A.B. asks: 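Let me begin by handing over the structure; questions about it come next.
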There are 2 protein chains.
Amino acid sequence: MAPTLAVSTVIFALRTDERSSAAIGARPQLWLPLVVRLRDPFDGRWALPGGPLREDEGLADAASRTLLETTGLRPNYLEQLYAFGDADRPGAEHGRVVSVVYWAMIGAEEAHLATTGQNVRWLAADRLPNLAFDHNRIVEYALWRLRTKVEYSRIAHAFLGETFTLRELREVHEVVLGKAVDPANFRRQVEASGAVVPTGQVRTGGRHRPAQLYRYDTAIEPVDLGPLAPEPQMSPTSTEETP
Amino acid sequence: MAPTLAVSTVIFALRTDERSSAAIGARPQLWLPLVVRLRDPFDGRWALPGGPLREDEGLADAASRTLLETTGLRPNYLEQLYAFGDADRPGAEHGRVVSVVYWAMIGAEEAHLATTGQNVRWLAADRLPNLAFDHNRIVEYALWRLRTKVEYSRIAHAFLGETFTLRELREVHEVVLGKAVDPANFRRQVEASGAVVPTGQVRTGGRHRPAQLYRYDTAIEPVDLGPLAPEPQMSPTSTEETP
DNA sequence: GCAAAAGTGTTCAGTCTACACCCATGT
DNA sequence: ACATGGGTGTAGACTGAACACTTTTGC
């Protein structure tokens, strides 16, 4: 019997814990939405949003769709993570499944508006319970990818809104990497990258000097995707023998 | 109708062109084995080795198997590349296929022994004809991944044998990256990485001072795979709510 | 005025790069 | 002897971490 094909998505957003949100200076954390399984295997356990691939639907489309269905949102960033399909995956007794998993980043403003359906719940990424299938391992891998990618690319802004202060962007790095970042050096690095442009506006309100607001420079690709980049640049490198 | 699942592999080896092998100082190049398609779609065109996923067989196992079937070899390095599954992939008219593609590196000694079956042919990676499906794009992406990975990890030795001189290792870098590398600086970087240990043996025969032979230090992982590393470190980060 | 964060300047150490130079071998 | 690549040394450019310091707001 041929294995079933499914698409799942690890959806990350930066949120402040509701319970401690009243506390001043509450650091945001990484959260992700999970859905309850309503049947075996792993009936009643939390699992990543996902489902079978529909006809005439691309893999990334399926990821976007399940994301929209579970959260009502569209992601600022979406990337394929990995295809998991070992024959001994947990739950394979009930029918083998090959999962193509995506991971996504949601902006701050949208994250507030997330519809939390009956079977959906947001949980902190570093305090997850035992999930269905091998989903704990998948989330671990997605977290690892997020962390390494934040360091060498420019995706951090995908957790923020249209405009943001460098302080906010730095906080994203600090929360994701789990360590403090020098404000002075961070500012210079970001400015030197040219990925960000000042809007002229400032954000006031703190008990301190107002901060310049920046916007992401859309002319700059956040990640180097190589030949997978948008423009499909179909490349018959040369024209030679065809047997 | 559910999409079919297939596993294909981009297999790289460093070879000297047979026609110019007589010439002295012939630079090796990247080659890859392709198979002729014997039916529609793309009947008669070259394609990546691959096929459907068998029952009770992991994705990586399937990649290894097709690699063995087409070349008679086992790879020194094997990694998942990407899952291609857009609804508008070339050839989808004859039935939609989601391809999980792997890429592999073959050692120098093995590459000589490669069995070249009736329908198999090795072609130079930078002079490929029009391949079946979107396989040109896939090879481009695999090449890009190989190049970026050679720069920041220690996989280059996978194109060589058990022991090798630093000259040979440097040549791998030069061929893959397509540019000259300073011998002095390369030596220092490799030695500093500690990934390589001198065997005490030397390689004589050139009209020059004999070169020290090195062996790869197997205690060091060639690539940082993060949570996908061998030891499955099943990680229920904590034990919390299960609805 | 004072606390707090925004933003600037400077130093120091480590790394990368280019290139000069000596060493050991085959012919 | 001498050509050739193996191997070492080193000066300058560049980069990143650390941290002192000035600026501008809210209270």
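Computed over heavy atoms, backbone and side chain alike; hydrogens, waters and symmetry mates excluded. Just so it is clear: chains get the letters A, B, ... in the order the sequence lines come, proteins before strands, and each one is counted from 1. What you see is a predicted model, and the numbers here were worked out from it, not measured in a lab.
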A.B. asks: Return the value, rounded to whole Å, for the distance between atom CZ of A:Phe186 and atom C1' of D:dA18.
C.D. replies: 17 Å
A.B. asks: Expressed in angstrom and rounded to an integer, what is the separation of A:Arg170 atom CZ from C:dG7 atom P?
C.D. replies: 11 Å
A.B. asks: Could A:Glu151 and A:Arg147 be called an ion pair, given the rule that one side-chain N must be under 4.0 Å from one carboxylate O?
C.D. replies: no
A.B. asks: Is the distance between the ring centroids of A:Tyr141 and A:Trp103 under 6.0 Å?
C.D. replies: no
A.B. asks: Show your reasoning for whether side-chain contact (heavy atoms from CB on, under 4.5 Å) applies to B:Arg74 and B:Leu67.
C.D. replies: CA-CA 7 Å; B:Arg74 292 178 194 287; B:Leu67 202 160; over 6 Å; no
A.B. asks: D:dG7 P sits how many Å from B:Arg203 CZ, rounded?
C.D. replies: 12 Å
A.B. asks: One character per nucleotide, please: for nucleotides 15-27 of chain C, 5' to 3', B when the base has a protein heavy atom closer than 4.0 Å, S when only the sugar-phosphate does, - otherwise.
C.D. replies: --BBB---BBBSS
A.B. asks: Counting just side-chain N and O atoms, does B:Arg167 come under 4.0 Å of either OP1 or OP2 of D:dG5?
C.D. replies: no
A.B. asks: What is the distance, to the nearest angstrom, from the CZ atom on A:Arg187 to the C1' atom on D:dT23?
C.D. replies: 12 Å
A.B. asks: Carefully, step by step, assess A:Met105 and A:Leu78 under the rule side-chain contact (heavy atoms from CB on, under 4.5 Å).
C.D. replies: CA-CA 7 Å; A:Met105 297 167 76; A:Leu78 180 71; over 6 Å; no
A.B. asks: Using atom CD of A:Glu191 as one end and atom C1' of D:dG16 as the other, report the distance to the nearest whole Å.
C.D. replies: 16 Å
A.B. asks: Nearest-Å distance, CD (B:Glu171) to P (D:dG5)?
C.D. replies: 11 Å
A.B. asks: Would you indicate whether the side-chain heavy atoms of B:Leu34 and B:Arg121 approach each other to under 4.5 Å?
C.D. replies: no
A.B. asks: I'd like to know whether A:His157 forms a side-chain contact (heavy atoms from CB on, under 4.5 Å) with A:Phe159, so could you lay out the CA-CA distance, the side-chain angles of the two residues, the decisive distance to 0.1 Å, and finally the verdict.
C.D. replies: CA-CA 5 Å; A:His157 77 282; A:Phe159 277 137; over 6 Å; no
A.B. asks: If I take atom CG in residue B:Leu166 and atom P in nucleotide D:dG7, what distance separates them, rounded to the nearest angstrom?
C.D. replies: 7 Å
